[in-house]
Amino acid sequence: MKQQAEASDPKEHSLSGPYPAEADLALVPPEPLGVALVVPAQQGPRFSPEAQLFIYTSAMWEEFIHEWARTLPYRKVRRFGGANDHGVDIAGFESAAGFGGEWDCFQCKHYANALMPTDAWPEIYKILRYAEAGYYSLPRTYYFMAPRGLGPSLEQMILRPGELKDAFLNVLGEGKVGTPNERAKVAAYAQTVDFSIFQSATPIELLQQHQKSPQHIVRFAVPLPFAPPPELPPSAPAADETNYLEQLFDVYAEKFGTSARTIEALVEHAKAHAHLRSQREYFYCAETFRIFYRDKVPSRTFENLQDQLHEGVKEIHDDDHSTGYDRLQKVLSASQQINLTTNALITVWQARDKKGICHQLANEDRLRWCQ
């Protein structure tokens, strides 16, 4: 993202609006894309997700916190970072007002050791300086995000906001942070601030929440959970079943000579009705599979699985067949023989899911039984 240059005096920004930093919200980054891939068998010792956080670069740590923040119920989450971030690495906004409304600040510090008070003073000074100058409203909560957490001294101060404020004002008075022409204004503003806004999160808490991110299994190479058993199809078909059911009614008309175009009308033909019941169960298996993993893997992962299965059955589907029923049965059989190797979802799909995906493809008119 293109960063805005930092002026020597925040009040001198020429951007429009009551909070100049609102201009930084113009471009919203897209949701993470991509496909979760099968992770090769690990050679040697396996490091826990918490241990992996310790060896990140600063940029990787910011990426992780950005992914984590996107699992929280904000209106939007933005990543800034860099030399001109105005004290904000990542921000979570509660409303379209952005920096002018309620927002939370996440300051990322990937250091070799736990954070000490000397690490915190310049960051507290920076956020108060820009808030006092009107560059943005004071954040509702300001989080120090560090893989090794806070040291005992800073942790104790965070838990005693009054002590944290007094210590910060003493640091200002001693001239250890800021510039002479700014310190007095920041000190006066700090007197009005409730220092309980300053908080932290432990790596364990971060990892627990990050499990809700579709990037979690990609980042930490953890196994996918198995989907729950699918519900039985309802007696009345749902609106999203229309296309593949219409195709099946065409199959039964050609194969059995039935004119039925509804499930109820097909009851009179026992073999066709039993076959339809099985196909609907397959479809609902695939739908349960799709919905369950939708937020657990990157956005294109399931679609990639569909594409690969489609490629695996395409030649058989396009071949000449005596009936649509024959084409359907051979495609379903071929789906069971497909041996994919890359998409992470192959580690958890089952035979019925594969057949159900064939009906999802028919629902999208990518497969057609009666030519």
Side-chain angles (χ1 to χ4, degrees), residues 224-294 296 301-340 343 345-371:
L224 282 166
F226 284 95
E231 295 184 5
L232 291 175
S235 55
D240 61 358
E241 293 185 77
T242 301
N243 287 350
Y244 88 94
L245 286 180
E246 286 295 322
Q247 287 208 49
L248 288 172
F249 291 137
D250 290 340
V251 166
Y252 303 141
E254 182 184 61
K255 173 72 172 176
F256 303 113
T258 175
S259 61
R261 306 304 296 182
T262 65
I263 296 174
E264 295 81 3
L266 200 64
V267 172
E268 298 179 0
H269 196 292
K271 188 171 183 179
H273 187 262
H275 187 272
L276 177 65
R277 182 171 59 249
S278 295
Q279 307 318 302
R280 292 189 71 211
E281 289 175 359
Y282 298 152
F283 179 80
Y284 272 81
C285 283
E287 284 294 287
T288 297
F289 187 91
R290 177 183 65 83
I291 293 169
F292 180 75
Y293 293 109
R294 179 172 54 198
K296 294 177 174 60
T301 304
F302 184 76
E303 288 79 1
N304 175 267
L305 189 70
Q306 287 181 315
D307 292 344
Q308 291 195 63
L309 188 144
H310 182 254
E311 283 299 314
V313 302
K314 188 175 184 298
E315 281 73 19
I316 292 175
H317 171 272
D318 293 347
D319 202 358
D320 292 332
H321 299 278
S322 58
T323 65
Y325 184 87
D326 184 52
R327 175 178 284 106
L328 166 62
Q329 293 299 96
K330 288 185 177 179
V331 166
L332 293 181
S333 178
S335 74
Q336 305 304 291
Q337 310 306 317
I338 290 177
N339 183 27
L340 305 182
N343 191 298
L345 291 176
I346 66 173
T347 63
V348 287
W349 73 348
Q350 300 181 41
R352 291 162 66 88
D353 301 319
K354 297 178 184 181
K355 293 181 179 180
I357 290 175
C358 290
H359 288 299
Q360 289 176 329
L361 294 171
N363 217 31
E364 299 170 3
D365 287 324
R366 297 175 68 184
L367 296 177
R368 180 159 289 279
W369 314 128
C370 293
Q371 298 292 308

In Å and rounded to the nearest 0.5 Å, what is the [atom1] to [atom2] distance from [X] to [Y]?
X    : Y    : atom1 : atom2 : result
Q308 : L345 : CD    : CG    : 10.0 Å
C358 : N363 : SG    : CG    : 12.5 Å
I338 : I346 : CD1   : CD1   : 11.5 Å
Q360 : C285 : CD    : SG    : 10.5 Å
L328 : L248 : CG    : CG    : 6.5 Å

Using the test side chain to side chain contact (heavy atoms under 4.5 Å, CB included), find all partners of [X] that sit at least two apart in sequence or belong to another chain.
X    : value
D318 : K314
T262 : E264, A265
E268 : none
E281 : L232, P233, R277, R352

Can you name the ring-ring contact (aromatic ring centres under 6.0 Å, His included) partners of F302, sequence neighbours left out? none

Can you list everything that forms a ring-ring contact (aromatic ring centres under 6.0 Å, His included) with Y244? Sequence neighbours excluded, please. F283, H359

With heavy-atom distances below 4.5 Å as the criterion, would you say the side chains of [X] and [Y] are in contact?
X    : Y    : result
T288 : E231 : no
L305 : L340 : yes
F249 : L266 : yes
L309 : W349 : yes
V348 : Y293 : yes
W369 : Y325 : no

Which residues share a salt bridge (Lys or Arg N to Asp or Glu O under 4.0 Å) with R294, sequence neighbours left out: none

Applying salt bridge (Lys or Arg N to Asp or Glu O under 4.0 Å), can you list everything that pairs with E303, at least two apart in sequence or on another chain? none

Please test K355 against Q336 for side-chain contact (heavy atoms from CB on, under 4.5 Å), starting from the C-alpha separation and ending with a verdict. CA-CA 8 Å; K355 293 181 179 180; Q336 305 304 291; 3.4 Å; yes

The criterion is side-chain hydrogen bond (donor to acceptor under 3.5 Å, both in side chains); which residues satisfy it with H317, sequence neighbours excluded? none

Which heavy atom of [X] sits nearest to which heavy atom of [Y], and what is that distance?
X    : Y    : answer
A286 : I357 : CB-N, 3.6 Å
R368 : D365 : NH2-OD1, 2.8 Å
Y284 : P234 : OH-CD, 3.3 Å
R290 : E287 : NH2-OE1, 2.8 Å
H321 : I316 : NE2-O, 2.6 Å
P228 : F292 : CD-CD1, 3.4 Å

Taking atom types as modelled, is there a side-chain donor on N243 or Q247 under 3.5 Å from an acceptor on the other? no

Residues pairing under salt bridge (Lys or Arg N to Asp or Glu O under 4.0 Å) where one sits in residues 239-249, two or more places apart or in two chains, turn out to be E241-R280, E246-R261

Which pairs pass salt bridge (Lys or Arg N to Asp or Glu O under 4.0 Å) with one or both residues in residues 322-332, sequence neighbours excluded? D326-K330

Run the numbers on L332 and Q329 for side-chain contact (heavy atoms from CB on, under 4.5 Å), then give the verdict. CA-CA 5 Å; L332 293 181; Q329 293 299 96; 4.0 Å; yes

Give every donor-acceptor pair under 3.5 Å between a side-chain atom in residues 251-258 and any protein atom, sequence neighbours left out.
from, atom 1, to, atom 2, distance (Å)
Y252, OH, H275, ND1, 2.7
Y252, OH, L276, N, 3.2
E254, OE1, G324, N, 2.5
T258, OG1, A260, N, 3.1

